[in-house]
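First the structure, in the form of structure tokens, and then the observations on it.
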There are 2 protein chains.
Amino acid sequence: MTAGNVAGNSLSKERLRLWLRMLRVTRQVEAELRERLRTEHDSTLPRFDVMAALYAAEEGLKMNELSKRLRVSNGNVTGIIDRLVEDGAVERIAIEGDRRATRVCLTVVGRENFRGMAVEHERWINALFEGVNEEDAHHIGELLHRLPASPNNAD
Amino acid sequence: MTAGNVAGNSLSKERLRLWLRMLRVTRQVEAELRERLRTEHDSTLPRFDVMAALYAAEEGLKMNELSKRLRVSNGNVTGIIDRLVEDGAVERIAIEGDRRATRVCLTVVGRENFRGMAVEHERWINALFEGVNEEDAHHIGELLHRLPASPNNAD
DNA sequence: CCTAAACATTTTAAGCTTGAATTTTATACA
DNA sequence: TGTATAAAATTCAAGCTTAAAATGTTTAGG
């Protein structure tokens, strides 16, 4: 995980250190979430992300919008949706007037299922970030705003 | 990516927001790195991580130590090393006195190759985190220390 | 009407990732 | 010594991920 201090000044090194720490924390939290989703809900993180996006969209989303929103490739979304459809959590609905696209929706079962996971998800995060008080959480959140990843963010 | 505000108090929500932002930034940076490693060095992020760990270990590492250090499964490391060996960047060396284990080392070519990537990697990170000054980088870094992922961290 | 370009999605090949099962080797201890 | 247990690594099946190619559909221009 260390990137090898091959060159660079002090600021560059401090930024590199920051990045490596972010990476470590993120991976650790993701590992925790993945483990619990697997053992307690027989699910996965990508499925959770997809369901969260669909849950937030009352009328469902086109595959298109889904992959844009989650910032993953469209082929990727196809596979995840395929499996969610198999499990009866999601359905593909034809769009009138455009036979290219489909609208993807959570089923009643899917919504129910997601609600259960989401409640626990928030609890897990709350526990994992126990060492961070509200002020710090807010502060870091603000700082993160300056970082690259804010092209057309909607959340 | 939004997790659905299903329950929780204000602190819990602030922590959730923090997590979602960390996730977004991390994924964006990873996507950038992956893209550049691919197009400019015909490589990948997992390979870079493995090579970084080996570069830092003068005498190489056992598969065991490698997977522990990178916090990924051992089966995973096997595959990545297989491909690095194919490419001549890494070699497996028998350990005297224990025929179960192997020591994995960067070859001269591998070290050379990694050095090139690492220099650029630090530049990329430095550019991606341009909006963060030294003080902030240090501050966030310190705060991240309080977060879960610090079991037996060595960096 | 026809056709070229744009669009939405799926398919494909390659690689990453995990947890579980398997294989091989070492160690402990009866 | 013999055998059970532990340890190191690989293999396996399933799923995630990407970039690129292919498929089918719509739209715009001539």
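Letters A, B, ... are given to chains in the order of the sequence lines, protein chains preceding strands, and every chain is numbered from 1. Below, each value reflects all heavy atoms present in this structure, side chains not excepted, and no hydrogens, waters or symmetry copies.
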(request) Give me the one residue out of B:R47, B:E120, B:R36 that meets side-chain hydrogen bond (donor to acceptor under 3.5 Å, both in side chains) with B:H41. (result) B:E120
(message) Let's go through B:T102 and B:I95 carefully: what are the C-alpha distance in whole Å and the side-chain angles of both, what is the deciding distance for side chain to side chain contact (heavy atoms under 4.5 Å, CB included) to 0.1 Å, and is it a yes or a no?
(response) CA-CA 6 Å; B:T102 30; B:I95 288 181; 5.7 Å; no
(request) Taking only Lys NZ, Arg NE, NH1 and NH2, and the carboxylate oxygens of Asp or Glu, determine whether B:E30 and B:R27 approach each other closer than 4.0 Å. (result) no
(request) Would you check if the side chain of B:T26 reaches a backbone N or O of B:L23 as a donor-acceptor pair within less than 3.5 Å? (result) no
(request) For A:L61 and C:dA8, give me the distance from atom CG to atom P, rounded to whole Å. (result) 14 Å
(message) I'd like to know if the side chain of A:R15 reaches the main chain of B:V132, judged simply by a donor and an acceptor atom lying under 3.5 Å from each other, with no hydrogens or angles considered.
(response) yes
(request) Round to a whole Å and report the spacing from CD of A:E30 to P of D:dG15. (result) 19 Å
(message) Rounding to an integer number of Å, can you tell me how far A:L70 CG sits from D:dT18 P?
(response) 10 Å
(request) Report yes if some heavy atom in the side chain of A:R100 is under 4.5 Å from a heavy atom in the side chain of A:K62; otherwise report no. (result) no
(request) Give a yes or no on whether B:E40 atom CD has more than 12 heavy-atom contacts from other residues, nucleotides or ligands under 6.0 Å away. (result) yes
(request) Select one nucleotide: of D:dA9, D:dT26, C:dT9, the one nearest the side-chain heavy atoms of A:A101. (result) C:dT9
(request) Can you tell me the distance, in whole Å, between the CG atom of A:D82 and the P atom of D:dT17? (result) 14 Å
(message) By the 4.0 Å heavy-atom rule, please label A:R92 as base, sugar-phosphate, or nothing.
(response) sugar-phosphate
(message) Rounded to whole Å, please give me the gap between CZ in A:F48 and C1' in D:dC16.
(response) 17 Å
(message) Using whole Å, what does the distance between atom C1' of nucleotide D:dA9 and atom CZ of B:R103 come to?
(response) 16 Å
(message) Using C1' atoms of five pairs at each end, report the bend of the helix from C:dC1-D:dG30 to C:dA30-D:dT1 rounded to 10 degrees.
(response) 10°
(request) Going 5' to 3' through nucleotides 15-21 of chain C, assign each nucleotide B (protein heavy atom under 4.0 Å from a base atom), S (under 4.0 Å only from sugar-phosphate atoms) or - (no protein heavy atom that close). (result) SSSBSS-
(request) Please state how far atom CG in A:D98 lies from atom C1' in C:dA8, giving the value in whole angstrom units. (result) 7 Å
What pairs of nitrogen or oxygen atoms, one from the protein and one from nucleotides 3-6 of chain C, lie under 3.5 Å apart?
none

(request) Would you please confirm or rule out a distance under 4.0 Å between OP1 or OP2 of C:dA26 and any side-chain N or O of B:R99? (result) yes
(message) Between B:E112 and B:R115 (salt bridge meaning N to carboxylate O under 4.0 Å), is one present in this structure?
(response) yes
(message) I'd like to know if B:R83 pairs up with B:E86 as an ion pair, taking the criterion as any Lys NZ or Arg NE/NH1/NH2 lying under 4.0 Å from an Asp or Glu carboxylate oxygen.
(response) no
(message) For A:A89, is there any backbone N or O sitting under 3.5 Å from a side-chain donor or acceptor partner on A:T107?
(response) yes
(message) Rounded to whole Å, how long is the line connecting atom CG of B:N64 with atom P of C:dA26?
(response) 15 Å
(message) Is it the case that the side chain of B:R103 and the backbone of B:E59 share a donor-acceptor pair, with hydrogens and angles ignored and the cut-off at 3.5 Å?
(response) yes
